[in-house]
Undergrad: 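Pasting in a structure now, in structure tokens, and then I'll have a few things to ask.
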Amino acid sequence: MGITKTDFMRGMQCRKMLWLDKHKPDLKVIPPEIQKRLDAGNDFGDRAMAMFGEFEEMTVYRPGTTIPDKQAMVAKTAEHLEKGTPVICEAAFSYYSNYCAVDILRKTGDGYDFYEVKNAPDVYDQFVRDAGFQYYIMNRCKLNIGRIFIVTHGPIEDDPFEINDVTEKAKSYAKWVNDNIWDLNRMQKEPNEVDVEPGFQCSHPYECWYYDYCHNPKDTPTNE
């Protein structure tokens, strides 16, 4: 059981959040407005795949499900990298079972640039950290990454893709990722629930889907 990009970002917001994802996911409550934003983000990402013209998508699902087959995606990605496919979407990489699927890879003279797509009007630091995790995994997989971009949602709906270069800052997060990824790997496997006091991390940068579980007082038995 490795760490995905989502695992890492959630674990860095709150270690207990990641532990609950792995051990008590049935406690998760996603408000309808949050689900709506997630769905809109997926739609925006799907549209962005074609921003450079023709592309090859690496998504593969397990038979009879909508669950990504990570192993098959990593293998398919390797094939297209070997072929030199110009634009690869949802390119998958695994390093010691730590995994990421990159929104867009675009071939350059000596490697690839990569684009992380976010349905937001501005570049926020959590987006750059997210890109830093992906850079870390791809770099450890020996893929030469040149520039790194965050694609945000601009004001012109007919052409909404605004490209923002975050190369230097995103690459600078590689050490931060390495300093934390192995600890999160160990922590998520702990049999006992991680003890973290509710606080600022419960709603920043995102409101936790276990907010009610952690904030509502638990019923405790009393002796009569």
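Since this is a predicted model, take the numbers as computed values, not measurements.
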Undergrad: May I ask you to decide if Leu20's main-chain N or O and Gln188's side chain share a donor-acceptor pair within less than 3.5 Å?
TA: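 Absent.
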
Undergrad: First locate atom OG1 of Thr77, then atom CE of Met138, and finally report the distance between them rounded to the nearest 0.5 Å.
TA: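 If we round to the nearest 0.5 Å, Thr77:OG1 and Met138:CE are 10.5 Å apart.
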
Undergrad: Can you pull the side-chain hydrogen bond (donor to acceptor under 3.5 Å, both in side chains) pairs that have at least one residue in residues 81-95, sequence neighbours excluded?
TA: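 Matches after skipping sequence neighbours: His80-Thr85, Tyr95-Arg140.
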
Undergrad: Sequence neighbours left out, what pairs pass ring-ring contact (aromatic ring centres under 6.0 Å, His included) with at least one residue falling in residues 145-166?
TA: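 Counting only pairs at least two positions apart or across chains, the ring-ring contact (aromatic ring centres under 6.0 Å, His included) contacts touching residues 145-166 are Phe44-His153, Phe44-Phe161, Tyr115-Phe149.
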
Undergrad: Any sub-3.5 Å donor-acceptor pair from Lys36's side-chain atoms to Pro31's backbone N or O?
TA: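 No, Lys36 side chain to Pro31 backbone: no donor-acceptor pair under 3.5 Å.
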
Undergrad: To the nearest 0.5 Å, what is the distance between CG on Leu18 and CZ on Arg10?
TA: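 Reported value, rounded in 0.5 Å steps: 8.0 Å.
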
Undergrad: Please name all residues satisfying side chain to side chain donor-acceptor pair (under 3.5 Å) with His23, sequence neighbours left out, ordered by chain then number.
TA: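 With neighbours one apart ignored, the set is Trp19.
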
Undergrad: Under a 4.0 Å N-O cut-off, is there an ion pair linking Asp195 with Lys16?
TA: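 No salt bridge links Asp195 with Lys16.
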
Undergrad: May I ask you to decide whether Glu157 forms a salt bridge with Arg47, counting only side-chain N to carboxylate O separations under 4.0 Å?
TA: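 Answer for the salt bridge query: yes.
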
Undergrad: What residues form a side chain to side chain donor-acceptor pair (under 3.5 Å) with Asp165, not counting sequence neighbours?
TA: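 Side chain to side chain donor-acceptor pair (under 3.5 Å) list for Asp165, sorted by chain: Thr167.
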
Undergrad: Would Asn164 and Val151 satisfy side chain to side chain contact (heavy atoms under 4.5 Å, CB included), going step by step from the backbone distance to the final call?
TA: CA-CA 6 Å; Asn164 307 272; Val151 180; over 6 Å; no

Undergrad: Between Glu56 and Lys76, is there a side-chain N and carboxylate O pair less than 4.0 Å apart?
TA: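 Result for this pair is no, no salt bridge flagged.
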
Undergrad: So if I apply the side-chain contact (heavy atoms from CB on, under 4.5 Å) rule between Leu105 and each of Val87, Asp113, Ile145, which one comes out positive?
TA: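 Only match with Leu105 under side-chain contact (heavy atoms from CB on, under 4.5 Å): Ile145.
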
Undergrad: How long is the straight-line distance from CD1 of Ile137 back to OG1 of Thr4, given to the nearest 0.5 Å?
TA: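 Output value for this atom pair is 9.5 Å.
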
Undergrad: With side-chain hydrogen bond (donor to acceptor under 3.5 Å, both in side chains) as the rule and sequence neighbours excluded, what pairs involving residues 25-35 come up?
TA: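 Of all non-adjacent pairs touching residues 25-35, those that pass side-chain hydrogen bond (donor to acceptor under 3.5 Å, both in side chains) are Gln35-Asp39.
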
Undergrad: Start with the C-alpha distance between Tyr61 and Asp69, add both sets of side-chain angles, then the distance that settles side chain to side chain donor-acceptor pair (under 3.5 Å), and finish with yes or no.
TA: CA-CA 5 Å; Tyr61 296 110; Asp69 186 330; over 6 Å; no

Undergrad: Atom OH in Tyr124, atom OG1 in Thr152: separation rounded to 0.5 Å?
TA: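 That separation rounds to 9.5 Å.
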
Undergrad: With sequence neighbours excluded, what pairs up with Lys70 under the side chain to side chain donor-acceptor pair (under 3.5 Å) test?
TA: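 With neighbours one apart ignored, the set is empty.
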
Undergrad: Hey, could you give me the CG/OH distance between Asn180 and Tyr173, rounded to the nearest 0.5 Å?
TA: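 Asn180 CG to Tyr173 OH: 12.0 Å, rounded to 0.5 Å.
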
Undergrad: Judged by atom type as modelled, is there a donor-acceptor pair below 3.5 Å linking the side chain of Asn139 to the main-chain atoms of Tyr135?
TA: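 Not a single qualifying donor-acceptor pair exists.
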
